[in-house]
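Written out below as structure tokens is the structure these notes cover.
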Amino acid sequence: QVRLMESGGGSVQSGGSLRLSCRASGYIGATYCMGWFRQAPGKERQGVAATGKGLETSYAYFVAGRFTLSQDSSENTVFLQMNSLKPEDTGMYFCAAYRYHGQSGICATDGNFYTAWGQGTQVTVSS
């Protein structure tokens with residue numbers, strides 16, 4: 001069973017930066033995708049970015065150019081570097097994982113694909 005632990009959330013002013021980390025434990029092989037999602041109060045969950053070893057990294061349009069997702073496969077850890085943060089980036093950020101079976105070469109940012117979820121870490125951006 002895959003277990004995920006997020007860290008790195010906090011409060012920053014608009015234009016600031018934060019770096020989120022997600023470490024996976026349990027069985028996680030080369031064919032797993034790991035992604036970040038966020039949810040603001042009263043709003044639907046949004047896929048932010050996703051990646052996997054040997055797979056293309058995908059980003060939601062609203063974070064492209066500002067957020068960067070990277071991974072340390074040896075540590076089963078992904079990092080979400082968030083720059084130029086905006087108040088609308090505020091929300092609970094969740095890490096998630098699923099076993100990749102497709103042929104597209106890219107990990108999904110649709111949460112319905114994901115089978116393991118972390119507890120989340122809060123990100124608050126003030127104007």
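These values consider heavy atoms only, across backbone and side chains, with no hydrogens, waters or symmetry-generated copies. Keep in mind that what you see is a predicted model, and the values were worked out from it rather than measured.
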Looking at [atom1] of [X] and [atom2] of [Y], how far apart are the two atoms once the value is rounded to the nearest 0.5 Å?
X: Arg23; Y: Phe79; atom1: CZ; atom2: CZ; value: 9.0 Å
X: Ser25; Y: Gln1; atom1: OG; atom2: CD; value: 9.0 Å
X: Met5; Y: Ser21; atom1: CE; atom2: OG; value: 12.5 Å
X: Gln46; Y: Asp110; atom1: CD; atom2: CG; value: 13.0 Å
X: Thr77; Y: Gln71; atom1: OG1; atom2: CD; value: 10.0 Å
X: Ser7; Y: Leu20; atom1: OG; atom2: CG; value: 8.0 Å

Starting from Val12, can I reach Val123 by hopping between I/L/V/M/F/W/Y residues whose side chains sit under 4.5 Å apart?
yes
ILVMFWY cluster, Ile106 and Tyr61 together (side-chain gap under 4.5 Å)
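No, no single cluster joins them.
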Is it the case that the side chain of [X] and the backbone of [Y] share a donor-acceptor pair, with hydrogens and angles ignored and the cut-off at 3.5 Å?
X: Tyr100; Y: Ala108; value: no
X: Glu6; Y: Gln119; value: yes
X: Thr109; Y: Gly47; value: no

Taking the side chain as every heavy atom from C-beta outward, state whether [X] and [Y] have any pair of such atoms under 4.5 Å apart.
X: Leu4; Y: Phe94; answer: no
X: Phe67; Y: Leu18; answer: no
X: Thr57; Y: Tyr59; answer: yes
X: Cys107; Y: Thr51; answer: no
X: Gln122; Y: Thr90; answer: yes

Atom of [X], atom of [Y] and distance for their closest heavy-atom approach:
X: Cys22; Y: Met34; result: SG-CE, 3.8 Å
X: Asp89; Y: Ser84; result: OD2-O, 4.4 Å
X: Arg45; Y: Gln39; result: N-NE2, 3.8 Å
X: Cys33; Y: Leu55; result: SG-CD1, 3.7 Å
X: Ser17; Y: Gln81; result: CB-NE2, 3.9 Å

Given the options Val2, Thr115, Thr31, Asn112, Tyr98 meets side chain to side chain contact (heavy atoms under 4.5 Å, CB included) only with Thr115
Take atom CZ of Phe113 as the centre, draw a 6.0 Å sphere, and report whether it contains more than 12 heavy atoms from other residues, nucleotides or ligands.
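Check fails, neighbour count at 12 or below.
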More than 12 heavy atoms of other residues, nucleotides or ligands under 6.0 Å from CD of Gln13: yes or no?
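Check fails, neighbour count at 12 or below.
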Using 30° and 60° as the class limits, which term best fits the ring planes of Trp117 and Phe37: parallel, tilted or perpendicular?
tilted
Going by the rule side-chain contact (heavy atoms from CB on, under 4.5 Å), which residues pair with Ala60 if we only count those two or more places apart in sequence or in a different chain?
Phe62, Val63
Derivation of the side chain to side chain contact (heavy atoms under 4.5 Å, CB included) call for Val48 and Met82:
CA-CA 11 Å; Val48 175; Met82 305 186 295; over 6 Å; no
Arg19: partners by salt bridge (charged side-chain N to carboxylate O under 4.0 Å, His left out), with sequence neighbours left out:
none
